[in-house]
2 protein chains.
Amino acid sequence: MKRYPDAIRILVAIDCIIFGFDGEEIKLLLVKRNFKPEQGKWSLMGGFLDQHEDLEAGASRILYNLTGLKDIYVEQIMTAGKVNRDPVERTISVVFFALINIHDHDQEAVKTHNAAWLSLEKKPKLIFDHDEMVGKAIEFLRYKAALHPLGFELLPERFTIPQLQKLYEAIYNMKLDRRNFSRKILLTGLLIDTGEKDHQSSTKKAGLFRLDKERYKNKFYSFWHFMPHPGLVEPL
Amino acid sequence: MKRYPDAIRILVAIDCIIFGFDGEEIKLLLVKRNFKPEQGKWSLMGGFLDQHEDLEAGASRILYNLTGLKDIYVEQIMTAGKVNRDPVERTISVVFFALINIHDHDQEAVKTHNAAWLSLEKKPKLIFDHDEMVGKAIEFLRYKAALHPLGFELLPERFTIPQLQKLYEAIYNMKLDRRNFSRKILLTGLLIDTGEKDHQSSTKKAGLFRLDKERYKNKFYSFWHFMPHPGLVEPL
DNA sequence: TGGAATTGTGTCAAATTCACACAATCTATT
DNA sequence: AATAGATTGTGTGAATTTGACACAATTCCA
């Protein structure tokens, strides 16, 4: 009962780029494949789209299976469709981008899937066009994090300003001035001082902050900006 | 010979959002359908992906068929995949975003396809989820144009500063101060004064500028910025 | 010839950024 | 318990950028 008889039908995969931050560097949750093709090599976590499933639902399912987490920050970033990108059969892959707190996920599920957190800088070559996808994802992260208070998704509930700075330094691969960073970030009004101190640090204990979630929602479009942003401009 | 026997295969469409600027408002090149389904209604220009065609190639083909133009600014912006978005058969649509000079295209081809430039603000409701796609495209345009010297793609080779300002005002749907805008835009060093004047305008003739294409390439990532941009940061 | 509309250029106060200095807190060591 | 080393919290001033204006010049038209 095909009403578009001339058009071709193609396999649709979903691949997830899962970012985490361990306090020092950006990490990716990757899978060492124990199935074919490309068995034994590393790849992004992925799967095929189900019959009655929306794309976002497919991404959520895959992310849930691997991490046991729901309600995480997920966004579609691109679709890869080169003719020969999958050597087995033509497949287009819709790529999703997820940010999670590296300490907050189901360790068992990760082990079951043969997955691990690998450093972005030292990761091995991935299968197919997955390296290209990761490149796009970093680019996307750098854009988005410059415009929106997105980094918090990678940090624990309570965090210190030096921690936040290290995250930004990792994202942009550059050093930032401690004093200017602190001033700028506090001026956003997004941080609430919990009054507590971080007992992890070895010398002077840094103050612990948490995100003002109410303001986060409202200020999502006014983090650091120049031109007005989509959410602020009256929609046409 | 299907090696992924359990997975489903889905129709893949390509839809193009084509922006133009007539000097006053942002316009979309839309098609009044003389075919089913939804005959007689307006929609984005689209088509199905061919057997041996990459996504970008498909977008270029569709754009070329409608406008007769090659080498235009095209970028993939999203993929729509809701289960019932096409009532006939499940179809996922990869959406592309194109910027063209509204005066520079094949009028005949446009007529043949039953297409027309409609004002973004006054456009009719489009079929399926095409309105949603247009919404995403405007959002994308607003982001991108705030960070990169993208607007020039919508203007003729030579343009005046007031013209450029009107474009920005149309994109962001806001008034800008003439003097501050002029200062800012000239400071980017992207504009070359041709010495000529625009004889279209009715009172004082505005000076005609053109884009410094060499600098445009180099400064694409440093138009107006805060945090360093993907292209400037050393890739990981 | 003068008025209306529009363009080109300039000024100045306010806000923001950048590049620093210094004091306070905590651990470890003597 | 005193001190050195490391790290955090806060401040200061010069330079730059922004925002809100004023005014002169050009062109058409009455």
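Keep in mind that the numbers below use all heavy atoms, side chains included, and drop hydrogens, waters and symmetry copies. Quick note on labels: first sequence line is chain A, next is B, and so on, each numbered from 1.
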Once you round it to whole Å, what is the distance between [atom2] of [N] and [atom1] of [X]?
X	N	atom1	atom2	value
A:Q200	D:dT8	CD	P	13 Å
B:K197	C:dT6	NZ	C1'	12 Å
B:L187	D:dT18	CG	C1'	11 Å
B:D177	C:dT9	CG	P	15 Å
B:D198	C:dT6	CG	P	14 Å
B:Q165	C:dT6	CD	P	12 Å
B:I185	D:dG19	CD1	C1'	17 Å
B:N180	D:dT17	CG	C1'	11 Å

Can you pull every protein N or O that's under 3.5 Å from an N or O on nucleotides 22-25 of chain D?
| unit_1 | atom_1 | unit_2 | atom_2 | d |
| --- | --- | --- | --- | --- |
| D:dA22 | N7 | B:R179 | NH1 | 2.5 |
| D:dA22 | N6 | B:R179 | NE | 3.3 |
| D:dA22 | N6 | B:R179 | NH1 | 2.8 |
| D:dA25 | N3 | B:K204 | NZ | 3.4 |

When you match B:T203 and B:L186 each to their closest nucleotide on DNA chain C, which lands nearer the 5' end? B:T203
What I want to check is whether the side chains of B:S93 and B:D15 have a donor and an acceptor closer together than 3.5 Å. yes
Going by atom types only, do B:T194 and B:E196 share a side-chain donor-acceptor pair under 3.5 Å? yes
Quantify the bending of the helix from C:dT1-D:dA30 to C:dT30-D:dA1 as the angle between its end axes, each fitted on five pairs, to 10°. 10°
Pair listing, salt bridge (Lys or Arg N to Asp or Glu O under 4.0 Å) test, anchored in residues 197-207 of chain A, at least two apart: none
Test: salt bridge (Lys or Arg N to Asp or Glu O under 4.0 Å). Region: residues 163-173 of chain B. Which pairs qualify, not counting sequence neighbours? B:E24-B:K166, B:E169-B:K175
Who are the side-chain contact (heavy atoms from CB on, under 4.5 Å) partners of [X], not counting sequence neighbours?
X	result
A:K125	A:D131
B:D193	B:F209
B:K32	B:W42, B:N114

Return the residues of residues 205-212 of chain B meeting this criterion: a heavy atom under 4.0 Å from some atom of DNA chain C. Order them by number, or give none. B:A206, B:G207
My understanding is that only residues two or more places apart in sequence, or in another chain, count here; which of them pass side chain to side chain donor-acceptor pair (under 3.5 Å) with A:K144? A:E75
Among the nucleotides D:dG9, D:dT10, D:dA20, which one has an atom lying closest to any side-chain atom of A:P162? D:dG9
Residue list, salt bridge (charged side-chain N to carboxylate O under 4.0 Å, His left out) with A:E153, at least two apart or on another chain: none
Does A:E108 have any salt bridge (charged side-chain N to carboxylate O under 4.0 Å, His left out) partners at least two apart in sequence or in another chain, and if so, which? none
Restricting to ring pair (Phe, Tyr, Trp, His ring centres under 6.0 Å), what partner residues turn up for A:H113, sequence neighbours left out? none
Quick check: any donor-acceptor pair below 3.5 Å linking the side-chain of A:R183 to the base of D:dG9? no
